[in-house]
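Worksheet for the structure shown next.
Letters A, B, ... mirror the listed sequences (proteins, then strands); counts begin at 1. Only heavy atoms go into these numbers, but all of them, side chains included; no hydrogens, no water, no symmetry mates.
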Protein chains: 2
Amino acid sequence: MKYEIDDMDRGIIKHLSIDGRMSFTEIASNLNVTEKTIRLRYKNLLDNGILSVVGVVNPVALGVKSGAIIQLKVKPQSIIEAVEELKKFREIRYITMTSGPYSILVQIAVPGPDEITETLLRINELDYITEMNTIVQLAVYKNTYDYF
Amino acid sequence: MKYEIDDMDRGIIKHLSIDGRMSFTEIASNLNVTEKTIRLRYKNLLDNGILSVVGVVNPVALGVKSGAIIQLKVKPQSIIEAVEELKKFREIRYITMTSGPYSILVQIAVPGPDEITETLLRINELDYITEMNTIVQLAVYKNTYDYF
DNA sequence: AATGAAACTCGGATCTG
DNA sequence: CAGATCCGAGTTTCATT
């Protein structure tokens, strides 16, 4: 559950966050240890759910250039159901439950402004949704995943 | 600019989004093509900025369990400067410029509730910030990166 | 599409604190 | 005893044909 990361783990993560397919041999020689050590550490990080090496696509290169943040009010006792419905939207890439007047916040990523409107309309049709507040994203300045 | 990817590209991305270190030979045998084809396709996807294979850490496993979304109003003509200051915060992992009364929205990821408060106070000290609205995240239900 | 050399991965045995 | 190293056999990568 609570795994203590040390400097070598951090070094491995650092290397893999630049190139997830970097060979263990190369990481090992950079960190002055054996390849087997890196291999073992890597497995531990994986097994403990701390690290995963995955392919991620760049939305802009695929023509997905617009985004919006939408706050939603839902009918009482319906948050879970609403979330389940929202999960099905491919355009919705982030769903979080929040404090404040709107109990759900989602973020969408779509090709262009027209699709923002189109997606809003589709969300608006959902049963559990009673109110929406849309914030259009004009630019993204930071988007990182290094938590330490 | 906008690159058209085909089914084989999608197949490769699909495999690598499960395990970014899967060998090209294995992907090749799954997709019934030669390893060289996969290797070439992979390079093209990389070179065109469509795909990257990276290590990502799971914040929860590292004890980073709390999050908040903060909307910010900034002094006129100071958006860029404000963004530059905000970028320096390690806790801030997402910064976007938005429509509406608040011109900037950021998301933070921190170990616990106390650090939300602490980070808020630090952001509040910034010169360009005139107003803040904080939305605490109670749970995250979806967080994907497959855009197609 | 096939070949082969070089690089990489992987498992066992062994060593070290 | 967990974690590091050594080492050889088996795979994968990658340029050439």
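For the pair B:Glu125 and B:Arg122, the salt-bridge criterion is not met [side-chain N within less than 4.0 Å of a carboxylate O].
Contacts between residues 35-46 of chain B and DNA chain C, defined by a heavy-atom separation below 4.0 Å, involve no residue at all.
If you check the side chains of B:Gln137 and A:Thr96, you find a donor sitting under 3.5 Å from an acceptor.
Stacking of B:Arg41 on the aromatic ring of B:Phe24 is not recorded, the 6.0 Å distance cut-off and the 45° axial limit not both being met.
When the C1' atom of D:dC7 is taken as reference, atom CZ of A:Phe24 falls 19 Å away, rounded to whole Å. What separates CG of A:Leu31 from C1' of D:dA4 is a distance of 14 Å, to the nearest Å. Rounded to a whole Å, the CD1 atom of A:Ile27 is 13 Å from the C1' atom of C:dT9. For A:Asp47 and D:dG3, the CG to P distance is 12 Å, given to the nearest whole Å. Following rounding to the nearest Å, A:Asn32 (CG) and D:dA4 (C1') show an atom-to-atom distance of 14 Å. To the nearest angstrom, C1' of D:dT11 lies 15 Å from CE of B:Met22.
Heavy-atom nearest nucleotides on DNA chain C were determined for B:Thr34 and for B:Arg21, and the one closer to the 5' end corresponds to B:Thr34.
The side chain of A:Val33 lies closest to D:dT5 when the candidates are C:dC10, D:dT5, C:dC8.
Side-chain nitrogen and oxygen atoms of B:Ser23 include none within less than 4.0 Å of the OP1 or OP2 phosphate oxygen of D:dT11. The phosphate of D:dT13 (OP1 or OP2) has a side-chain N or O of B:Thr25 nearer than 4.0 angstrom.
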Inset, instruction - In sequence, state the C-alpha distance, the side-chain angles, and the governing distance for B:Leu31 and B:Ile12, and then conclude on side-chain contact (heavy atoms from CB on, under 4.5 Å). - result: CA-CA 8 Å; B:Leu31 298 179; B:Ile12 293 169; 4.1 Å; yes
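More than 12 heavy atoms of other residues, nucleotides or ligands lie within 6.0 Å of NZ in B:Lys142, so this atom counts as buried by the packing criterion.
In this structure, B:Lys43 NZ and B:Ile38 CD1 are separated by 15.5 Å, a value rounded to the nearest 0.5 Å.
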